[in-house]
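Only one structure is covered here, and it is reproduced in the block below.
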Amino acid sequence: MNKQTPRLLFIGIILLWSIYTLFPTFKFNFLSDEEKNDLRVDGKLQSLQEKVLKQGLDLQGGMHILLEIDIPTLIENLATNKNTKFYTTLNFTKENYNLNQNFIDEFIRQSENDKLKLNRYFSEISSNGLTIKQTLEKERDDALNRVLEILQNRVDEFGVSEPTIQKQGDQRIIVELAGIQDPSRARSLLQSTALLEFSLLKDGSITQNLISRIDKILKGNSDLIDIVNNINEESNNVELNEAKTSNDQEVSMTELFSSFNNDTLISSDSSNGVIIDQDIFQERPFSSLLRNTGNDMGVPEKNLFAIKKIIQMEEIQTSLENEASKISFSKEKETWTLPEGGTESFYKMYHLESNKGLSGGLIQEAKASFYNGQPIVSLSMNSEGAKIWSRLTGANIGKRLAIVLDNNVRMAPTIRSKISDGQTQVEGFANMEEAKDIAIVLRAGALPAPVNIIEERTIGPSLGKDSIEKGTRSVIIGLILILVFMIFYYRGSGFIASTGLIFNLILVLSILSMLDATLTLPGIAGLILTVGMAVDANVIIFERIREELEKGKKSKSAVESGFSRAITTIIDANVTTILAALILYQFGSGPIKGFAIVLCCGILTSMFTAIFTSKTIFNIITNNKNLKSLSI
């Protein structure tokens with residue numbers, strides 16, 4: 001066996017592994033649209049895409065989203081003993097401050113103008129105004145860091161490769177998601193606060209008493225018509241994107257109250273035959289807008305906006321607080337058939353205990369699966385949660401328990417028995433994708449404050465395709481020029497170096513694919529620099545060999561001396577470059593990290609191809625006894 005055989009086998013194995021790793025990428029890129037559709041139907045396209053070398057936002061398109069933490073809500077959550085005066089100052093600040101201003105500074109300044117004593121609402125923090133301000137700023141910074149970490153965990157589980165998630169200022173976060181296929185799903189995943197609560201439902205008789213009290217409050221209000229008109233006017237002024245929330249669809253209160261002063265009050269969908277007598281409305285202004293759906297009260301879709309505005313009235317909120325209760329609605333609307341014929345869409349309304357029996361912070365694991373053909377999320381609680389869950393279910397057998405996610409009731413089952421193992425299931429999801437997303441946000445944890453999308457850009461694949469073509473063209477042109485120069489200047493040895501350069505590029509791309517890294521435009525720049533570093537190593541080696549040949553040494557001896565003299569210089573230059581790349585990766589942002597990763601991989605592979613691979617080929621050539629001179 002030749003001494004070079006083990007080295008050749010090792011090089012061959014590395015080459016075969018590189019080709020095998022990159023084969024899915026080549027196959028995917030050469031598939032036609034029809035072939036991709038066929039594979040998509042068979043379910044094989046996703047499996048193939050998982051093995052493909054991933055491309056960044058600048059190459060394949062995607063979403064750029066700028067998020068802002070809802071600081072007013074964070075302050076509201078930190079405050080205690082909140083009253084109308086507190087909300088007046090908070091809302092005024094929220095409506096008048098500029099996005100470029102510091103909200104906490106503006107809130108403190110407005111509090112001083114309104115003579116609002118902050119120590120009354122933040123007594124748990126301090127009685128000193130300066131300490132309160134510093135604590136609020138600390139909570140804001142902590143919330144930003146927690147949101148950053150939670151979003152990173154969510155996106156990682158969502159399956160987006162090499163996302164860019166970084167802070168901008170003291171309350172904003174930039175998120176870049178490459179190759180995203182479902183923008184609406186991504187937005188929902190990023191904005192979901194994932195506040196999971198388990199709350200007992202109030203007894204039916206208590207709920208009926210509440211509804212009667214609300215009727216009396218509205219009926220006894222001499223300004224009932226003004227209230228209706230205000231709701232009507234506010235509904236007309238609500239923009240479409242504000243009128244459509246997770247529960248609210250577009251509602252026309254104009255039609256609902258248009259004939260208030262006539263003999264009858266006609267709903268917005270008169271084709272359903274729903275007519276509310278004016279006398280009934282004046283007698284029962286709240287309950288007449290509801291529907292009895294059996295165990296729960298239903299709110300027709302067209303009445304939801306009015307019901308929510310009525311519940312937000314100060315007198316109603318005071319009544320709810322006095323009996324430690326709150327009103328929540330189902331997330332999804334349902335449809336039922338009216339006795340008169342036709343159908344009507346409605347949401348269920350739940351009267352809950354305001355004190356949550358259990359919070360989502362005690363959830364240890366959340367998994368999406370199917371049960372009886374329906375998507376569910378199975379929850380496992382930690383030891384503390386299991387104890388509370390056991391005590392809660394054991395003491396309330398026969399009562400209903402609402403599972404509330406982001407203030408929407410997902411389901412309200414009846415407790416049949418004591419549950420001691422800390423396990424439960426959440427149902428009521430539209431599809432498996434929604435169940436998976438909910439499981440993701442529950443595992444990642446709840447956001448400490450809501451986040452709002454203030455800027456969103458979608459980068460189309462055409463721009464990415466153009467970037468790929470230009471970047472690829474630059475690499476190919478640069479590589480061809482270098483190969484031609486090396487062959488022209490170093491002859492046969494230049495051909496060996498050119499072969500090593502091509503092997504080097506294949507090796508770099510295969511390593512990136514294996515590491516599940518993402519290739520970006522800065523990464524392509526790293527590839528070009530890698531080619532230059534590899535050429536530099538070959539030039540140093542070849543010049544050393546030439547010097548040895550000029551001294552009169554034979555080819556074999558000149559090659560040995562040339563490589564041994566050059567290796568120290570090559571290692572020194574490449575190690576310093578690797579250190580620089582590591583620093584770039586540690587402190588750089590997304591694109592800079594992509595450049596650093598490619599550069600590190602490229603330097604390591606260029607050393608392998610320039611020193612190990614080229615040396616093996618030279619050894620085989622110089623071992624030929626018929627060799628008269630070395631082509632260099």
Side-chain angles (χ1 to χ4, degrees), residues 73-74 77-78 124 139 142-159 165 188-201 324 326 328 331 350 352-371 374-429 432-451:
T73 301
L74 178 65
N77 293 338
L78 292 172
E124 296 180 2
E139 290 289 342
D142 181 60
L144 182 67
N145 292 328
R146 284 157 58 198
V147 168
L148 194 71
E149 181 180 357
I150 290 170
L151 292 183
Q152 183 70 61
N153 293 336
R154 290 184 184 181
V155 171
D156 287 345
E157 292 200 47
F158 187 60
I165 303 178
S188 176
L189 186 77
L190 293 174
Q191 289 189 286
S192 176
T193 52
L195 294 173
L196 179 66
E197 299 175 357
F198 298 86
S199 300
L200 290 167
L201 267 68
K326 62 182 180 180
S328 291
K331 176 177 174 58
Y350 298 90
L352 310 177
E353 298 275 2
S354 59
N355 296 324
K356 55 193 175 187
L358 185 71
S359 67
L362 301 175
I363 300 298
Q364 189 172 39
E365 185 58 60
K367 294 181 180 179
S369 59
F370 283 101
Y371 181 76
Q374 298 297 320
I376 65 168
V377 174
S378 300
L379 304 177
S380 300
M381 302 171 189
N382 58 26
S383 57
E384 181 185 356
K387 291 178 183 178
I388 297 175
W389 189 239
S390 176
R391 186 165 57 249
L392 179 67
T393 54
N396 295 283
I397 294 175
K399 295 183 179 180
R400 296 178 67 193
L401 181 72
I403 301 176
V404 187
L405 182 62
D406 287 341
N407 297 319
N408 298 135
V409 177
R410 287 285 176 172
M411 56 188 299
T414 301
I415 301 173
R416 300 299 183 188
S417 61
K418 181 178 180 179
I419 303 175
S420 303
D421 58 0
Q423 304 291 323
T424 192
Q425 294 178 345
V426 182
E427 301 175 0
F429 299 103
M432 192 60 182
E433 293 300 323
E434 183 184 11
K436 287 180 179 178
D437 290 347
I438 293 299
I440 287 173
V441 296
L442 289 177
R443 285 196 298 270
L447 296 177
V451 293

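Please read all numbers here as calculations on a predicted model, not as lab measurements. The residues of the chain are indexed from 1 along the displayed sequence.
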Checking Leu201 now: which residues fulfil side chain to side chain contact (heavy atoms under 4.5 Å, CB included) with it, not counting sequence neighbours? Asp296, Tyr350, Leu352, Arg400, Ala402, Ala412
Heavy-atom closest contact (Ala386 atom, Met381 atom, distance): N-CB, 3.9 Å
Leu379 side chain near Phe198 side chain, heavy-atom distance below 4.5 Å: yes
Nearest-0.5 Å distance, NZ of residue Lys326 to OG of residue Ser354: 7.5 Å
Contacts satisfying salt bridge (charged side-chain N to carboxylate O under 4.0 Å, His left out) that involve residues 384-395 (not counting sequence neighbours) are none
Mind checking the CD-CG spacing from Glu197 to Asn355? Nearest 0.5 Å is all I need. 10.5 Å
For Thr73, enumerate each residue passing the side chain to side chain contact (heavy atoms under 4.5 Å, CB included) test, keeping only those at least two apart in sequence or located in another chain. Asp70, Asn77, Pro450
Suppose we screen for side chain to side chain contact (heavy atoms under 4.5 Å, CB included). Which residues come up paired with Lys418, at least two apart in sequence or across chains? Ser390, Thr393, Ser420
Listed partners of Asn396 passing side chain to side chain contact (heavy atoms under 4.5 Å, CB included), at least two apart: Leu200, Leu392, Lys399, Ile415
Say you draw a straight line from CD1 of Ile397 to OG1 of Thr414; how long is it, rounded to the nearest 0.5 Å? 12.0 Å
Testing the basics here: between Ser328 and Val409, what is the closest heavy-atom pair and its distance to 0.1 Å? CB-CG2, 3.7 Å
Applying side chain to side chain donor-acceptor pair (under 3.5 Å), can you list everything that pairs with Gln374, at least two apart in sequence or on another chain? none
